[in-house]
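Computed from a predicted model, the values in this text were never measured in an experiment.
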Amino acid sequence: GDRVVIDQLIELVPARMEILEQSWSRFRSDSELSRNNAHAGNGELVISDDLRELAASMLDAATLTQDLFNPTMARVMDALGYSVDFNKIAVDTAAATSLPGISSPSGIHLQGNLLSLDSGIALDPGALGKGLAGDILCRELLAAGATGVMTNIGGDVVASGTPGDDSWSVGVINERDRNEIIAMVNTDADSLAVATSTTARRVWGEGIHHVIDPRTGTVSTTDLVQATVVTEQ
């Protein structure tokens, strides 16, 4: 887009990300998400438009995946030791001797800007929050005058609009050797999203990692080390 407009919009991005973080983060005790988690079982709260969009997206994702995406894994993550930003977790942190039972997304009740959680439910948007933040930034920056936007939030890439004279280009890194690019995604599509999940990073304790299988309520066990999903719209 216009260089002057783009420079002005880019300056707004950190503030917009901070607003989303303050609404969505489960690592901040004073975030809107944390306040709703603490209020579980005590009726509904009025929530912001940002949290409403996140909650609606989590419920949609749970339905689309038949609960293979389960946004109620926060208590499991806490019990595994992932209760703070990952860079604050000690490498020898051990999981609790027993993990909480599996919760169901059916315990989430959203009606407009009113949200209530059944007792025992605690929300964790996981990587969906990063992807949605990218969607929101692209949408809002395009509406404000940009013609093409690419965001990279914690490795989750979202692009929207026109890439200009070139195509959108995203490299997929080998998570076991981050000096190696194992694939390139190139497209001139109006919308692109690329996300990678891996058990080679964010590992602590005795083989504990952040990829949770909601069918078992604990870390997933698989022969896959990483998986990348690419979508164009």
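The closest donor-acceptor contact from the side chain of N70 to the backbone of S103 lies under 3.5 Å. Here the side chain of H209 pairs a donor or acceptor atom with the backbone of S220 at under 3.5 angstrom. Under the 3.5 Å distance criterion, the side-chain polar atoms of T162 are left unmatched by any main-chain donor or acceptor of G148. When atom types are taken as modelled, the side chain of D124 and the backbone of P71 share no donor-acceptor pair closer than 3.5 angstrom. T93 places a side-chain N or O within donor-acceptor distance of the main-chain N or O of A90, the cut-off being under 3.5 Å. A donor-acceptor contact shorter than 3.5 Å is absent between the side chain of D85 and the backbone of N87. Using modelled atom types, one side-chain atom of R35 and one backbone atom of D30 make a donor-acceptor pair closer than 3.5 Å.
Between R52 and L115 there is no side-chain heavy-atom pair separated by less than 4.5 Å. At least one side-chain heavy atom of I153 sits under 4.5 Å from a side-chain heavy atom of L137. Side-chain contact between V230 and L192: present, with at least one pair of heavy atoms (C-beta onward) separated by less than 4.5 Å. Looking only at side-chain heavy atoms (C-beta outward), V170 and T187 stay at 4.5 Å or farther from each other. At a threshold of 4.5 Å between non-hydrogen side-chain atoms, the residues R178 and R201 count as touching.
When only modelled atom types and interatomic distance are considered, D188 and S167 share no side-chain donor-acceptor pair under 3.5 Å. If you check the side chains of E32 and S48, you find a donor sitting under 3.5 Å from an acceptor.
Note: the hydrophobic cluster containing I19 does not contain M17 (ILVMFWY, side chain heavy atoms under 4.5 Å, direct or indirect links). No continuous path of ILVMFWY side-chain contacts below 4.5 Å connects V158 to V185, so the two sit in separate hydrophobic clusters. Both I121 and L128 belong to a common hydrophobic cluster when Ile, Leu, Val, Met, Phe, Trp and Tyr are linked at side-chain heavy-atom distances under 4.5 angstrom.
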### Message
I'd like to know whether M58 forms a side-chain contact (heavy atoms from CB on, under 4.5 Å) with L123, so could you lay out the CA-CA distance, the side-chain angles of the two residues, the decisive distance to 0.1 Å, and finally the verdict.
### Response
CA-CA 9 Å; M58 292 192 295; L123 302 181; 3.9 Å; yes

### Query
Taking it one step at a time, do T63 and L59 satisfy side-chain contact (heavy atoms from CB on, under 4.5 Å)?
CA-CA 6 Å; T63 299; L59 289 171; 5.5 Å; no

### Task
Evaluate the criterion side-chain contact (heavy atoms from CB on, under 4.5 Å) for residue pair L114 and V46; output intermediate values, then yes/no.
CA-CA 5 Å; L114 296 176; V46 178; 3.6 Å; yes

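To the nearest 0.5 Å, the span separating OG1 on T221 from CG on D213 amounts to 7.5 Å. Atom CG of L132 sits about 4.5 Å away from atom OG of S57, to the nearest 0.5 Å. One distance of note links CG of D67 with OG1 of T65; it measures 6.5 Å at 0.5 Å rounding. With rounding to the nearest 0.5 Å, the separation of OG in S83 from CZ in R75 is 12.5 Å. Annotation: the span from D135 atom CG to E140 atom CD amounts to 11.0 Å, rounded to 0.5 Å. Separating the CG atom in L12 from the CG atom in D7 is a distance of 11.5 Å, to the nearest 0.5 Å.
Counting heavy atoms of neighbouring residues, nucleotides and ligands inside a 6.0 Å radius, atom CD of E18 exceeds 12 of them. Atom CZ of R139 has more than 12 neighbouring heavy atoms from other residues, nucleotides or ligands inside a 6.0 Å radius.
Heavy-atom minimum distance, L54 versus G129: CD1-CA, 4.2 Å. Residue Q226 comes nearest to E175 through the heavy atom pair OE1-N, 2.8 Å, listed as atom of the first residue, atom of the second, then distance. Considering all non-hydrogen atoms of both residues, S25 and S34 come closest at O-OG, 3.5 Å. Considering every non-hydrogen atom in both N36 and L117, the closest pair reads O-CD1, 3.5 Å. Heavy atoms only, all atoms of each residue included: A127 and D156 are closest at O-OD2, 3.5 Å. Of all the heavy atoms in G154 and K130, the pair that sits closest is O-NZ, 3.1 Å.
Residue pairs meeting the ring-ring contact (aromatic ring centres under 6.0 Å, His included) criterion with at least one member in residues 109-155: none, sequence neighbours excluded.
Other residues sharing a hydrophobic cluster with M73 under the 4.5 Å side-chain heavy-atom criterion for ILVMFWY residues are F27, V76, M77, L80, Y82, V84, F86, I89, L99, I102, W204, I208, I212, V219.
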